[in-house]
Amino acid sequence: MKRLSGWDALLLYSETPNVHMHTLKIAIIELEDERLSTGAEFGVEEFREVIRGRLYKLDPFRYQLVDIPFKFHHPMWRENCDVDLDYHIRPWRVAAPGGRRELDEAIGEIASTPLDRSRPLWEMYFVEGLEGGRIAVVGKIHHALADGVASGNLMARGMDLQSGPQTDRDYVPDPHPGRGHLVGSAFLDHRRQIGRLPGLIKYTADGLRRVRRSDRELSPELTRPFTPPPTFMNHMLTAERRFATATLSLADVKRTGKHLGVTINDLVLAISAGALRALLLRYDGAANHPLLSSVPVSFNFDPNRISGNYFTGMLVALPVAVADPFDRVRQTHDAAASAKEGFQLLGPELVSRWSSYLPPAPAEALFKRLANKDGQNKVLNIPISNVPGPRERGRVGGALVTEIYSVGPLTAGSGLNITVWSYVDQLSISVLSDTATVDDPHEVTDAMVAAFEEIRAAAGPA
């Protein structure tokens, strides 16, 4: 048994019927060469056997959530439980002709239902019917189990890019803990938390002192305290989800970023700003104020970490009011640098540490009220993530993984999520929306591609 951190638990408490807190990982797998060379079929049963043989190094797939009586403390993980792969690994077939749009529509359907908390908090879908003899594996895993770094490490183990444990050890399911043990361990942990409180107060005071001494601002229009402007994407969410993908050449993105003197992350944010500007003009008729984007920043890059959440959202002001793409890149770079400095001044672990003291019942009630409030998100307009993925191609059951996509959840009051995940030579763009935000989420991915081409043209020959 181990207790969820406050940050892990917060991602549970924030889940409601219309705000699902699972993340998605999608792998496109080429089967045709494998079938031709071996004559063997690779279906859902064969895929279940592949995962069964790797469960020993995919520890979070065996975690089961255990609530504490009376919500006296954050829940715990029972670390070894029975795993019914017939339940967790499910067949799916996309509609003909099995192209990108048909797969994206299927993934939107898969994303629209929450995970069952009585079971380990993950599902996989073995998707057939794709053109070119391909399949897709869609992993749905609760954010409380793993952040982007941990999910990437977990995926690397699943594709044999990261070794993990070297032996296929049998494990015995852990017994269900008694109520007395759960309450007793919660009481002891509360005592430990009280002992850590003076250090946390000092950490907080030092960070606030550094911020007060700084003259940094998010932007000239957004000074502290700041409120994100109302937009078409900020409203009470529907429960259904829609999904869209697009791919850019990672080499092209790197060359363009190097030519402009900015990082890949700066360029991803600038591309997002250009796309959101186009959408604001289309849906709101104006793009006059910077948008506030929450950009996850990890503070634990351990390559062996496959569970838990060690990140904080850094708020970056996106210059969507700027029409010139070159100026937009420059202002995005400046805004990201300013946000990063403020993030470091305040202390990267501040929110994560304080979340350990969040009482479960009031937290759940608060997030339920926020999710059902038909109004403006008071913290952010949109989450945007840029996660470096594997630099070499992986295999599953001997079949080559040709593409990888990833997307995080929608948050209360924010109907779009943009996640960019690099894989070998690709920059994979994923967009998640609800049914009330855009007519078609491919509008967002198309706008992202167009925004990059606009930046490349403005930058000139690289």
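Values in this document were obtained by computation on a predicted structure and should not be read as measured data.
Side-chain rings of Phe367 and Tyr13 stay apart, their centers remaining 6.0 Å or farther from each other. Taking the six-membered ring where the residue is Trp, the centroids of Phe243 and His442 are separated by 6.0 Å or more. When ring centroids are compared, Trp122 and His88 come within the 6.0 Å threshold.
Side-chain atoms of Pro120 and Phe61, non-hydrogen and from C-beta on, never get closer than 4.5 Å to each other. Between Pro390 and Val424, every side-chain heavy-atom pair lies at or beyond the 4.5 Å cut-off. You'll find the side chain of Arg119 reaches within 4.5 Å of the side chain of Asp84, heavy atoms only. Within the 4.5 Å cutoff, the side chain of Phe343 has no heavy atoms near those of the Leu315 side chain. With a 4.5 Å cut-off on side-chain heavy atoms, Leu260 and Asp266 do not count as touching. When side chains are defined from C-beta on, Leu103 counts as touching Ile28, because their heavy atoms get closer than 4.5 Å. Side-chain contact between Thr402 and Ile29 is absent, with no heavy-atom pair separated by less than 4.5 Å. The shortest side-chain heavy-atom distance between Val420 and Val387 does not fall under the 4.5 Å cut-off.
Interatomic distance, CG of Leu267 versus OG1 of Thr332, reported as 9.0 Å (0.5 Å rounding). One distance of note links CD of Glu49 with CD of Glu45; it measures 7.5 Å at 0.5 Å rounding. For the atom pair Arg305 CZ and Ser151 OG, the distance stands at 9.0 Å (nearest 0.5 Å). One finds the NE2 atom of His143 at 10.5 Å from the OG1 atom of Thr411 (value rounded to the nearest 0.5 Å). Of the inter-residue distances, the one linking Thr247 atom OG1 with Asp425 atom CG reads 10.0 Å to the nearest 0.5 angstrom. If you take OG on Ser414 and CG on Leu292, they are separated by 11.0 Å, rounding to the nearest 0.5 Å.
Not counting sequence neighbours, Ser294 has no partner by the side-chain hydrogen bond (donor to acceptor under 3.5 Å, both in side chains) test.
Phe326 CZ: 12 or fewer foreign heavy atoms inside a 6.0 Å radius. For Lys258, the NZ atom counts as loosely surrounded, since its 6.0 Å shell holds 12 or fewer non-hydrogen atoms of other residues, nucleotides or ligands.
A salt bridge links Asp440 to Arg101: one of the charged nitrogens lies within less than 4.0 Å of a carboxylate oxygen. Under a 4.0 Å N-O distance rule, the pair Glu109/Arg241 does not qualify as a salt bridge. Arg100 has no carboxylate O lying under 4.0 Å from a charged side-chain N of Glu131, or vice versa, which leaves the two without a salt bridge. For the pair Arg328 and Glu454, the salt-bridge criterion is met [side-chain N within less than 4.0 Å of a carboxylate O]. A salt bridge is defined here as a Lys NZ or Arg NE, NH1 or NH2 lying under 4.0 Å from an Asp or Glu carboxylate O, and Arg90 with Glu123 meets this definition. Ion pairing of Arg242 with Asp439 is absent here, as no side-chain N (NZ or NE/NH1/NH2) approaches a carboxylate O to less than 4.0 Å.
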Worked verdict on Trp354 versus Leu10 for side chain to side chain contact (heavy atoms under 4.5 Å, CB included): CA-CA 11 Å; Trp354 275 111; Leu10 183 68; over 6 Å; no
Criterion side-chain hydrogen bond (donor to acceptor under 3.5 Å, both in side chains) on Tyr283 and Glu443, from CA distance to verdict: CA-CA 11 Å; Tyr283 283 94; Glu443 294 177 54; 2.9 Å; yes
Criterion side chain to side chain contact (heavy atoms under 4.5 Å, CB included) on Thr312 and Val297, from CA distance to verdict: CA-CA 5 Å; Thr312 295; Val297 179; 5.7 Å; no
Working for side chain to side chain contact (heavy atoms under 4.5 Å, CB included), residues Lys2 and Tyr63: CA-CA 10 Å; Lys2 68 176 179 180; Tyr63 291 179; 3.1 Å; yes
Pair Asp59-Arg62, side chain to side chain contact (heavy atoms under 4.5 Å, CB included): steps then yes or no: CA-CA 6 Å; Asp59 295 357; Arg62 303 198 305 268; 3.6 Å; yes
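Put simply, the side chain of Gln64 gets close to the backbone of Ser118: a donor and an acceptor are under 3.5 Å apart. Distance alone, capped at 3.5 Å, places no donor-acceptor pair between the Ser422 side chain and the Leu427 backbone.
Note: Phe299 and Tyr310 have perpendicular aromatic rings, judged against thresholds of 30 and 60 degrees for the angle between ring planes. The aromatic rings of Trp92 and Tyr125 stand perpendicular to each other, their planes meeting at an angle above 60°, with 30° marking the opposite boundary.
Considering Met155, Lys25, Arg393 as possible partners of Ile404, the one that fulfils the side-chain contact (heavy atoms from CB on, under 4.5 Å) test is Met155.
A side-chain N or O of Thr435 and one of Thr238 form a donor-acceptor pair less than 3.5 Å apart.
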